[in-house]
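Heavy-atom basis, side chains included; hydrogens, waters and symmetry copies ignored. Throughout, protein chains are lettered first and strands after them, A, B, ... in sequence-line order, and every chain is numbered starting at 1.
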Amino acid sequence: MIQIHDVSKRFGEFEAIKDVTFFVPKGSIYGLLGSNGAGKTTLMKMMAGIYKQNKGTITIDGEPIFENIKQKERMIFLPDTLYFFPNTTIRQMADFYRHIYPKWNEERFYKMQELFPINMNQKIHRMSKGMQRQVAFWLTFSAMPDVLILDEPLDGLDAVMRQKVKNILFQDVAEREMTVVISSHNLFEVEDLCDRIGILHNGSIIIEKELDNLKTNIHKVQVAFHGQTPSSFLKQMDVVYQEYRGSVLLCIVRGKEEQIIAHIQKHEPILFDLLPLTLEEIFIYEMGEKGYDIENILV
Amino acid sequence: MTLKTFLFNRGIFNQIVRNVGWVALVYFVGLLFALPIHIFMMAENKNWLMYHQTGRIFDIGSIIQFPLMFTLPILLAIFLFRYMQVKLSVDYMHSLPLKREALFFQHIIVGMVVLIVPIAIMAGCLILIKPFLPISLYSFKHVAIWFAGTVAMNILLFSGAVFVGMLTGMSVLQGVFAYVLFFFPAGIFILLMFNLKYFLYGFAYEYYLSYSMNEIVPFIRSLNWETRRIQPLEIFIYIVLTFIFYVLSLWLYKKRHVETATDAIAFRPLRPVFTYGFTFCVMLVGGAYFGEMQQRMGWIIFGYVFSSLLGYVIARMILEKTWRVFTGWKEYVGYTIFIIVVGLMFTSDLFGYESRQPSLDEVKRAYFGDHIYYFENDTESEENAFFYEKENIEHIYLFHQQLIEQRTYTDTENDIRHVVIGYDLKNGDRIVRQYTVPLNIYNQFYAPIFNSLEFKKNHYPILRTNHFKNVLQIKIGSEDKFVRLQDRADIESFLTILQQQLLNETFDGEIIGYRSWGTISIVYEKYREDSVEWKKSYHLIEQWLQNRGLLQQARVTANDIAEVKIIRNIKQVPIYDWTPEMIEREKEKIIVHDKKKIEQCLQMAGGGGGDYIVGIYYKNGHIDIQSFSKHLVPPFVD
């Protein structure tokens with residue numbers, strides 16, 4: 001479990017992260033979304049114990065992460081730009097990891113060769129970006145981390161490889177209760193992956209959602225009545241957004257599906273549709289409610 | 001977790017060795033050329049080998065040894081800690097489950113091993129080849145000294161470079177700062193001394209500069225290891241410094257933020273320190289440069305303004321890593337105000353430095369001389385410039401008082417004297433001041449001191465002895481004409497007269513060396529020599545030589561001279577600017593042929609600032625240009 005409490009980080013005069021609080025339960029995948037410069041990387045580097053926060057606490061299983069070897073041995077951070085020691089082969093890197101990470105699984109490393117069809121004795125620096133990223137995942141998964149922090153991890157991977165990586169992620173989360181934090185500037189990329197999503201904007205988490213009940217709890221409703229819309233109709237619902245398209249009222253409503261349907265039926269509309277929302281729509285409306293424009297926050 | 005596993009990690013250790021192991025190879029090959037191969041080359045030539053026979057291992061192949069020693073440890077520190085200065089690698093390394101202590105210790109341990117191993121192997125090689133050399137070039141002890149010195153210096157430079165690496169986030173600056181670190185203490189001291197003398201009247205900068213400051217620069221010191229052997233204490237100091245550098249480095253490393261990689265200065269609070277420190281140093285360099293070149297306050301101030309501005313801009317360029325630094329002048333204005341205040345404090349003598357004089361009762365002895373040397377090197381055998389007699393101490397004291405009150409700045413005057421006044425107090429303190437004094441003021445105070453027996457005994461070693469048994473010979477005269485006295489009776493007689501002459505001498509405003517026939521040099525046993533200026537005013541000497549018929553041999557006389565031409569030096573052109581052609585060109589001149597008058601001219605001519613220029617035309621064609629001062633002119637002139 002990763003617990004982030006009231007964390008701030010300054011670079012000189014610039015405050016990159018402001019009073020951020022959230023937590024990632026064990027065995028879940030947390031998506032950290034935000035545009036470029038929102039502070040995702042800074043926040044993740046603090047979670048990985050690389051940067052030290054100016055304020056607040058970051059703990060993993062209750063222990064502060066900074067300079068904490070015991071916790072860092074269970075964790076791997078994969079940055080958006082990868083680093084390998086100069087002039088090393090995959091095999092040499094694997095040996096290095098074996099000495100560094102106590103849970104290194106040599107058997108798994110060899111097994112995964114099937115998934116990552118790259119020659120182990122090749123120098124990593126000669127490889128393409130995409131291949132380097134595959135190598136990084138290969139090494140990372142072989143180190144059997146309990147906590148995995150991935151900064152824009154899927155960039156540069158083709159669709160097939162993406163799916164492979166996602167599958168291993170799911171598998172590790174399901175089997176070993178691995179905890180994953182994954183950042184992206186693209187909602188679609190992580191939509192099918194995450195249990196929970198937080199959106200970071202200008203250094204603050206502006207919204208945080210559980211994805212499972214997110215979709216079941218919010219609905220798009222299209223209704224039309226004879227004449228005026230009954231005044232009691234809207235008041236008794238948790239309306240996030242409303243607009244009229246001619247005589248049709250379109251609104252986004254929070255609440256249990258059955259309750260909403262029952263409430264609407266009661267008013268005898270001449271037209272009624274209850275539509276599912278895409279994840280993007282949910283965020284657009286939720287953030288619109290808070291005064292943000294999603295265009296500026298996610299690309 | 002045991003300490004071993006805590007500090008040592010095989011993975012990272014292998015990686016470090018893979019990264020910098022080549023440095024050990026380079027060092028080894030370099031030393032191979034510098035020592036064993038070089039020694040075998042020398043062995044081909046006996047003379048070459050003999051030259052090094054005193055066990056001077058540092059001197060063998062020094063052109064390779066020293067450059068390696070001065071560069072490799074610093075390069076190694078840069079390579080080892082390169083991971084801290086690059087964004088990608090610094091993040092990566094600190095995401096690994098390794099404590100900073102572990103990273104630090106493994107890096108410095110590999111670094112030291114990489115440096116020490118080649119040196120140790122080389123020491124072994126030296127011992128191995130020793131029996132095969134035609135002569136005993138060095139002893140085991142010499143090899144041990146060489147090993148200890150080389151290792152200590154390498155480790156010191158390495159640790160210093162590691163230390164500055166913690167302060168900066170750029171590898172280039174790490175290299176620059178490493179050298180700056182070792183030159184800085186001596187450099188800043190010298191610069192301060194040079195600059196203080198412009199603001200503190202009487203500041204005896206030479207006294208402070210003569211502390212051998214370059215000895216504290218390890219590079220310069222090590223180059224002298226063969227002439228002044230490296231001492232165990234030195235090695236000990238190097239080791240202590242190394243230790244201090246390591247402790248500080250680790251402390252800084254733990255405080256350092258990872259994200260400061262690529263920053264010029266890794267710690268925010270140090271940035272103003274860097275800016276102002278750099279500005280200050282460049283300002284001092286500029287001040288000293290213009291001060292030494294032009295010697296005028298206007299230029300010095302210009303130097304300060306110009307170079308502090310330059311320093312400030314450069315410092316900001318380094319910090320901001322761009323040359324476009326056009327804003328942010330507030331700090332410079334603050335700096336300027338601060339410097340002006342400090343400058344005013346010095347010029348207004350806020351600390352009472354310029355007016356400080358001990359009370360007379362406290363003075364054990366006083367020093368009076370024209371340079372600082374004997375104040376520090378108080379040797380009995382040579383010239384001694386300390387005065388113990390109350391009367392003389394008072395004279396010196398009064399002179400000092402006069403100099404403090406008068407504060408004569410003398411850049412415009414021609415005839416100046418350097419004066420060093422010092423006091424050794426009864427409580428052991430020393431006070432020393434240095435002045436430039438116009439001649440007229442100087443003479444006034446110099447006379448009573450000069451006329452005292454104590455001064456003469458101090459000044460002329462010959463007055464401190466009564467038996468001349470160990471005198472081998474005396475040479476009287478100049479390069480061209482001289483007399484040699486070797487007869488015992490002559491020597492005794494001459495020296496007795498010389499002593500009397502010197503005791504009788506009174507100060508006549510004459511500066512030593514201006515009017516002299518040559519020198520009297522007294523050669524003692526064991527190659528000791530003592531010389532006394534043969535002043536033209538020494539009539540007893542002249543008489544003595546005359547009586548023995550040696551005068552003609554000892555000095556130039558009218559018999560050597562064809563003619564003398566005298567002209568007025570209306571424009572006061574300095575004597576050394578005159579040429580025979582200029583004398584010929586003058587229309588109004590007195591030409592002397594009469595022997596008596598020529599002799600008078602010779603007696604009075606000198607080398608000082610002259611109101612008359614005297615061309616002395618020798619019979620052998622040589623022309624000598626001297627002068628008369630207006631106080632001493634033959635009666636037929638004017």
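The contact between A:L82 and chain B is made entirely by backbone atoms, counting heavy-atom distances below 4.5 Å. B:E259 touches chain A through backbone and side chain together, each having a heavy atom under 4.5 Å away. Heavy atoms of A:M47 lying under 4.5 Å from chain B are absent altogether. Only the side chain of B:R268 comes within less than 4.5 Å of a heavy atom of chain A; its backbone N, CA, C and O stay farther away.
Rounded to the nearest 0.5 Å, atoms OG1 (A:T88) and CZ (B:R18) are 7.0 Å apart. With rounding to the nearest 0.5 Å, the separation of CG in A:D95 from CD in B:Q15 is 11.5 Å. Here the CG-CD1 distance, from B:N9 to A:I100, works out to 4.0 Å after rounding to the nearest 0.5 Å. One distance of note links NE2 of B:H257 with CG of A:N54; it measures 6.0 Å at 0.5 Å rounding.
At least one donor-acceptor pair closer than 3.5 Å links the side chain of B:K99 to the backbone N or O of A:E67.
Each of A:Q71, A:E73, A:K70 was evaluated against B:P97; a single residue qualifies, A:E73, per the side-chain contact (heavy atoms from CB on, under 4.5 Å) test. Among A:F85, A:F77, A:F84, the single residue meeting the ring-ring contact (aromatic ring centres under 6.0 Å, His included) criterion with B:Y92 is A:F85.
Within a 6.0 Å sphere centred on CZ of A:F11, other residues, nucleotides and ligands contribute more than 12 heavy atoms. Shown here is B:K255, whose NZ atom has no more than 12 heavy atoms of other residues, nucleotides or ligands within 6.0 Å. Summarising the local packing, CH2 of B:W251 is surrounded by 12 or fewer heavy atoms from other residues, nucleotides or ligands at distances under 6.0 Å. Counting non-hydrogen atoms of other residues, nucleotides and ligands closer than 6.0 Å to CZ of A:R108 gives a total above 12. Counting heavy atoms of neighbouring residues, nucleotides and ligands inside a 6.0 Å radius, atom CZ of A:R10 does not exceed 12 of them. Taking a 6.0 Å sphere around NZ of A:K129, one finds it holds 12 or fewer heavy atoms contributed by other residues, nucleotides or ligands. Annotation for A:K111: atom NZ does not count as buried by contact number, only 12 or fewer foreign heavy atoms lying within 6.0 Å.
Among the candidates B:V258, B:N19, B:D91, the residue making the largest number of heavy-atom pairs closer than 4.5 Å to chain A is B:D91.
Residues B:H94 and A:K52 have side chains not in contact (no heavy-atom distance under 4.5 Å, counting atoms from C-beta outward).
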